[in-house]
Amino acid sequence: MLYLILSLIVLGVVAALMGWHSGKHGETAPVVLTDSCATCNGENDKCEQECKMEAALKPVEYFDDEELDAFAGRPADGYTETETDQFAYVMETMQDADLRPWMRSLGLRGIELPEALRDELIFRLGDA
């Protein structure tokens with residue numbers, strides 16, 4: 001929790017410095033408004049950052065995957081085949097539109113996706 005708070009403070013300071021720096025040179029940064037984080041597709045870094053900050057302030061959303069909390073703090077390459085199968089089952093029963101929010105949920109909970117499933121996730125995100 002301390003890391004999350006410190007990260008948000010550092011992000012705020014960096015954003016303030018960037019705003020001050022751009023205002024100092026008479027430039028104005030373009031304002032990009034997004035209706036929701038569901039429209040972020042990975043091409044707009046600002047949209048992704050705003051969604052990550054928004055997600056960090058909201059309560060963690062679960063996707064009927066509470067059993068995965070047991071893996072918090074484990075490295076992506078530290079899972080057994082049986083443990084990887086647990087992640088695979090959750091991911092395979094999920095709709096493509098829920099994959100990005102699920103990944104945010106795992107990140108907020110300190111859970112890394114097993115390396116063996118990353119290619120499948122990327123493939124499914126490309127189709128979404």
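The minimum heavy-atom distance between Arg74 and Glu83, with the atom names listed, is NH2-OE1, 2.6 Å.
Within the model, atoms CE of Met91 and CG of Leu117 stand 4.5 Å from one another, a figure rounded to the nearest 0.5 Å. Taken to the nearest 0.5 Å, the CG atom of Asp85 stands 8.5 Å off from the CD atom of Glu92.
Remark: Asp64 CG is loosely packed, at most 12 non-hydrogen atoms of other residues, nucleotides or ligands lying under 6.0 Å away. Taking a 6.0 Å sphere around CD of Gln95, one finds it holds 12 or fewer heavy atoms contributed by other residues, nucleotides or ligands. Atom CD of Glu81 has 12 or fewer neighbouring heavy atoms from other residues, nucleotides or ligands inside a 6.0 Å radius. Heavy atoms of other residues, nucleotides or ligands lying less than 6.0 angstrom from OH of Tyr89 number 12 at most.
Not counting sequence neighbours, Arg118 has no partner by the side-chain hydrogen bond (donor to acceptor under 3.5 Å, both in side chains) test.
Contact of the Leu121 side chain with the Phe87 side chain is not registered, since no non-hydrogen atoms from C-beta on lie closer than 4.5 Å. Residues Gln86 and Phe71 are in side-chain contact: their nearest non-hydrogen atoms beyond the backbone lie under 4.5 Å apart.
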Do any side-chain atoms of residues 105-113 form donor-acceptor pairs under 3.5 angstrom with protein atoms, and if so which ones, sequence neighbours left out?
unit_1: Ser105; atom_1: OG; unit_2: Glu61; atom_2: O; d: 2.5
unit_1: Ser105; atom_1: OG; unit_2: Arg109; atom_2: NH1; d: 2.9
unit_1: Arg109; atom_1: NE; unit_2: Asp69; atom_2: OD1; d: 2.7
unit_1: Arg109; atom_1: NH1; unit_2: Asp65; atom_2: OD1; d: 3.2
unit_1: Arg109; atom_1: NH1; unit_2: Asp65; atom_2: OD2; d: 3.1
unit_1: Arg109; atom_1: NH2; unit_2: Asp65; atom_2: O; d: 3.2
unit_1: Arg109; atom_1: NH2; unit_2: Asp69; atom_2: OD1; d: 3.0
unit_1: Glu112; atom_1: OE1; unit_2: Ala76; atom_2: N; d: 3.1

(request) Evaluate the side chain to side chain contact (heavy atoms under 4.5 Å, CB included) criterion for residues Leu125 and Asp96: first the C-alpha distance (whole Å), next the side-chain angles of each, then the deciding distance (0.1 Å), finally the verdict. (result) CA-CA 7 Å; Leu125 286 174; Asp96 288 349; over 6 Å; no
